[in-house]
Structure formats: structure tokens, C-alpha cells
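FYI, the numbering just counts along the sequence from 1.
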Amino acid sequence: MSRFPRPVRTALVLGGGGARGLAHIGALAALEEGGFRPDFIVGTSAGAIAGGAYAANPRAEELRAKAMRRVAHGPLLRLEQRFKILTDPVEHGFGAKVRERIRQAKQLLLYHRQAMRPALVTNHILDHLAQGMIGPGTFAELAIPFYAVACDLVANRRVVLGAGSVAAAVAASGAIPGVFEPVMDAGRMLVDGCALDLLPCEVARLLGAEFLVAVDIGQPPEPGAPRHAAGIQQRVSDLRAEDLRQRNRALADLLIEPNVAGIEWMEVSRSEDAYRAGHAAAHAKLPELQQAAGRARWRTLPRRLLGKNQPPAIAVEDISPRPAEPAEETP
């Protein structure tokens with residue numbers, strides 16, 4: 001297919017969703033096959049990992065091979081097993097009761113460790129994944145401009161990272177609260193961008209996007225009444241996040257929704273399923289993508305004729321590792 005005809009300022013937004021993020025790579029492959037290449041990419045959490053890696057080397061098939069090698073790595077699979085303790089369904093029968101008691105004991109221990117420590121695991125896994133997928137490059141070296149979204153728990157605000165080390169920015173954007181340690185930087189406590197921006201379409205608009213394609217791998221809260229206090233608190237948090245997600249979905253000119261409803265956020269063992277879901281969803285949207293781009297070109301025509309360019313309406317920050325300051329000499 002011929003190269004996709006772009007309107008003036010095109011953004012691709014990749015949302016968060018843990019292991020479902022492999023759907024982003026499938027979507028990128030289908031969009032690439034359709035000749036679509038954005039002017040810039042905005043990603044949060046898993047979307048930041050996929051978006052940053054693609055921005056560094058915009059070849060979806062190579063990215064797929066690299067990602068599959070990484071998710072097959074032992075630490076990620078072990079992390080999946082630890083979370084399955086919390087989510088495996090209850091069995092029946094005497095033997096099942098014994099196994100259920102063991103599962104509950106492990107679950108209690110896991111909850112206790114999470115409550116008493118800053119994270120369930122160290123950030124080594126996340127840092128290793130970010131470095132392996134992206135490498136040591138900087139934002140200035142990327143083939144496609146890219147922005148990662150994180151959340152600062154000190155200032156209670158979103159942080160848009162677009163300068164310095166790409167891997168460091170992606171690691172901050174993917175620091176899932178309670179699972180990974182917050183990333184400390186110059187007085188900031190940075191965690192997963194999904195805390196405020198599960199699908200950062202608003203960020204893309206503030207950065208100047210006039211045509212916005214979004215890949216949403218988030219899922220609405222499951223129906224049914226929560227059974228305990230922790231479940232009630234989680235449901236309230238989920239509903240707030242869902243309201244923000246819906247507001248951002250409405251800002252997209254074209255929404256791609258991979259069918260990943262049956263894939264848990266930590267199920268890296270189902271990466272191939274997520275990839276196929278993303279590819280199928282994006283491929284099905286290619287004809288609609290052409291039509292939406294045509295509408296955007298007409299919509300932006302007056303601005304282009306007048307030659308007016310809107311500057312970004314949001315600050316872009318840097319989280320590069322800083323050299324230690326030299327100690328003051330004592331007289």
C-alpha cells in the first residue's frame with residue numbers, strides 16, 4: 001500500500017495495560033503495513049515501552065521479536081506467577097480446600113509484604129526491560145518524536161517526559177504503584193502514568209496533535225458488588241480511572257480497541273494472543289483511518305492556509321540520570 005497521506009500534525013497515543021501492551025506492537029505492525037507513520041507518539045506505562053521502542057527503531061517486526069524475547073525472560077514470568085496467587089479461581093472438593101488454604105496463606109503474606117514495603121519487587125526488572133527494548137539513547141536521537149507520561153506523587157500532577165534518557169523516562173512511566181518502586185528524581189516521586197492518564201489523548205492534544213489515533217487496551221471495571229473493604233476502595237479508584245479513560249477516548253479521531261478483555265494485566269505468557277488482537281484491530285480500522293485523515297485535512301485547512309502553528313501548551317521535562325555533585329572541600 002502507498003504511504004499514508006497525513007494531515008499536518010498527527011499523533012499516535014498508546015495507553016497502559018500491563019502485559020496487554022503487546023497488542024500495541026501488533027497495532028503498530030498493521031499501521032505500518034498501511035503506510036501510516038505519525039509525527040509523534042505519546043505513551044503511558046506499557047504504551048510508553050512500546051512507543052519508545054518503536055520511536056527508536058520504527059520496524060514493527062523487529063520490535064515484535066525483541067519484545068517476545070524479553071517477555072519470555074524468567075523474572076517477568078515469575079512475577080506473573082506471584083500475581084496469579086491473588087487471582088486464581090477457587091476450586092471445590094477436599095483437596096481443593098487444602099490448596100485454597102495454602103493459596104490464602106500465600107495471599108495474606110503477599111498483601112502483608114506489599115503493605116510494609118514500598119514495592120512488591122525491585123525496579124531491576126523494569127529497568128532491564130526498558131534498557132533491553134530501547135537501549136541507552138536519548139529523545140533527541142529518536143527516529144520519531146516521542147513523549148512518555150508519568151505521575152508525580154509529590155506535586156500531585158502528571159509529568160510529560162520528552163528529553164534526556166528515553167529508557168529512564170519509560171521506566172518511570174511504567175512504575176506500577178505497589179508493584180515497582182517509585183522513581184525518585186530531583187524531589188519528584190514518579191509512578192506509572194496510568195494514575196492520571198491511562199490513555200493520554202489530552203496530552204497529545206496539548207502537544208499540538210490535530211489528528212489523533214489512539215490504541216486503547218484498558219478495560220472497564222468488572223461488574224458485580226465488591227466483597228470487602230479493599231475491594232470497595234479498589235472499585236472506587238477503578239471508576240475514577242474509567243471516567244478519565246472515557247474522557248480521553250472522546251478526544252481521539254480514530255480509536256483502535258484490541259480485543260484483550262480475557263488477558264490479565266500481568267499475563268505475559270499470553271503475549272502472542274495480545275499481539276494478534278492488536279494487529280487484527282488495527283488492520284480492520286485501516287479503511288476508516290484513511291477517511292478520518294481526510295476529514296482532519298479539511299478541518300485543519302483554514303489554519304494551514306493562514307500559516308498559523310500552535311505551540312505546545314504543556315511543559316516537557318527531563319528525567320536523565322544526573323551526575324553526583326562534588327562534595328564541598330573542608331578548609
Side-chain angles (χ1 to χ4, degrees), residues 8-16 38-56 126 130 134 136-177 180-215 240-241 243-245 247-253 300 303 308-323 325:
V8 176
R9 188 83 170 130
T10 303
L12 176 64
V13 171
L14 305 177
D39 288 302
F40 66 96
I41 300 171
V42 180
T44 192
S45 195
I49 296 173
Y54 189 75
L126 187 58
I134 298 165
T138 66
F139 282 90
E141 298 170 319
L142 294 174
I144 301 174
F146 165 71
Y147 305 90
V149 181
C151 175
D152 180 5
L153 297 183
V154 175
N156 302 319
R157 66 183 182 91
R158 77 158 60 103
V159 177
V160 179
L161 302 168
S165 167
V166 183
V170 164
S173 180
I176 302 171
F180 299 109
E181 299 170 0
V183 174
M184 307 304 296
D185 175 75
R188 298 181 294 192
M189 179 183 284
L190 301 177
V191 298
D192 194 316
C194 289
L196 293 174
D197 290 284
L198 186 61
L199 187 68
C201 292
E202 182 185 24
V203 172
R205 290 294 187 193
L206 291 172
L207 287 167
E210 295 175 312
F211 178 58
L212 198 161
V213 177
V215 183
R240 289 172 178 164
D243 180 65
L244 290 172
R245 185 171 76 98
R247 291 170 188 261
N248 275 277
R249 283 165 59 95
L251 296 175
D253 292 291
T300 60
R303 184 200 62 76
K308 293 183 178 180
N309 291 317
Q310 294 294 328
I314 190 169
V316 176
E317 302 181 44
D318 186 347
I319 194 183
S320 300
R322 294 168 176 79
E325 295 183 2

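Heavy atoms only, all atoms of each residue included: R158 and L206 are closest at NH1-CD1, 4.1 Å. Of all non-hydrogen atoms in L161 and V316, the two that sit nearest each other are C-CG1, 4.1 Å. The nearest pair of heavy atoms linking A175 to F180 is CA-CB, 4.1 Å. Looking at every heavy atom in both residues, G43 comes nearest to P200 through C-CG, 4.4 Å. Heavy-atom minimum distance, M189 versus P182: CG-CB, 3.4 Å. Of all non-hydrogen atoms in G16 and S45, the two that sit nearest each other are CA-CB, 4.0 Å.
When each of D192, L244, V149 is checked for a side chain to side chain contact (heavy atoms under 4.5 Å, CB included) with D197, only V149 meets the rule.
Annotation: the span from C151 atom SG to L190 atom CG amounts to 8.5 Å, rounded to 0.5 Å. One finds the CG atom of L198 at 14.5 Å from the CZ atom of R247 (value rounded to the nearest 0.5 Å). Note that OG1 of T44 is 15.5 Å distant from OH of Y147, once rounded to the nearest 0.5 Å. A distance of 9.0 Å separates CG of L199 from CG of L251, quoted to the nearest 0.5 Å. Taking CG of L212 as the reference point, atom CG of D253 lies at 6.0 Å (rounded to 0.5 Å). Distance check: D185 CG to D318 CG gives 8.0 Å after rounding to the nearest 0.5 Å.
Here the side chain of D152 pairs no donor or acceptor atom with the backbone of R157 at under 3.5 angstrom. No donor-acceptor distance shorter than 3.5 angstrom exists from the side chain of S173 to the backbone of A150, with no hydrogens or angles considered.
Contact annotation: the side chain of I41 approaches that of L14 to within less than 4.5 Å [non-hydrogen atoms, C-beta and beyond]. Put simply, the side chain of V166 reaches to within 4.5 Å of the side chain of F146, judged on heavy atoms.
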